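Since we're looking at a predicted model, the values are computed, not measured.
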Amino acid sequence: WHAGSDIEVIELPAGASADADSVKITRIGPGSGEPGSPPLLQYTVPPNVWFGARPCASLAQESGEQALNAGGVLVSCSVVPGFDFQDFELGDRDSLVQNFPFAKDIIVQMT
């Protein structure tokens with residue numbers, strides 16, 4: 001996170017026992033900390049986890065298109081050790097919904 005509104009990083013769980021309760025949402029930005037503690041301004045997603053990010057204002061929106069236009073945010077994503085495009089896979093809506101049917105609404109909104 002660099003500037004603007006808070007964001008949510010949404011992680012889809014791995015494993016056969018995954019369900020809606022295992023979707024992890026982490027808030028990042030100046031309003032993310034507990035009262036009296038510093039805000040969370042960076043976050044590490046574990047390897048081999050599908051993830052995406054959206055403005056926190058999207059929680060109050062009903063339409064994915066409206067949510068994406070809810071507020072300005074500047075974020076970046078760094079990878080380590082080194083990034084290789086041969087190891088990169090962009091999520092496909094249909095296959096993600098098939099593998100994570102309990103997260104269909106989130107997947108559709110973000111793809």
Taking every non-hydrogen atom, the tightest pair across Ser76 and His2 = OG-NE2, 2.8 Å
Is there a donor in the side chain of Thr111 and an acceptor in the side chain of Arg93, or the other way round, less than 3.5 Å apart?
-> yes
In this structure, are over 12 heavy atoms from other groups packed under 6.0 Å from Phe51 atom CZ?
-> no
Using modelled atom types only, decide if a donor and an acceptor are shared between the side chain of Asp6 and the backbone of Gly31 within a distance under 3.5 Å.
-> yes
Output yes when a side-chain donor or acceptor of Ser5 lies under 3.5 Å from a complementary backbone atom of Pro55, and no otherwise.
-> no
Working for side chain to side chain contact (heavy atoms under 4.5 Å, CB included), residues Leu96 and Asn99 | CA-CA 5 Å; Leu96 288 170; Asn99 290 315; 5.8 Å; no
Does Val108 belong to the same Ile/Leu/Val/Met/Phe/Trp/Tyr cluster as Ile25, with side-chain heavy atoms less than 4.5 Å apart forming each link?
-> no
Value rounded to 0.5 Å, distance of OG1 in Thr26 from CD1 in Ile10 | 9.5 Å
Between atom CD1 of Ile7 and atom OH of Tyr43, what is the distance when rounded to the nearest 0.5 Å?
-> 11.0 Å
May I ask you to say whether Glu8 pairs ionically with Arg27, meaning some side-chain N is under 4.0 Å from a carboxylate O?
-> no
Heavy-atom check, side chain of Val9 versus side chain of Val45, under 4.5 Å | yes
What heavy-atom pair brings Gly29 and Pro39 nearest, and what distance separates the two atoms?
-> O-CB, 3.2 Å
Distance col, row Glu89:CD vs Ser95:OG, nearest 0.5 angstrom, shows 7.0 Å
Gap between atom CD of Gln109 and atom CZ of Arg54 - 0.5 Å precision | 4.5 Å
Heavy-atom closest contact (Phe100 atom, Pro13 atom, distance) = CE2-O, 2.9 Å
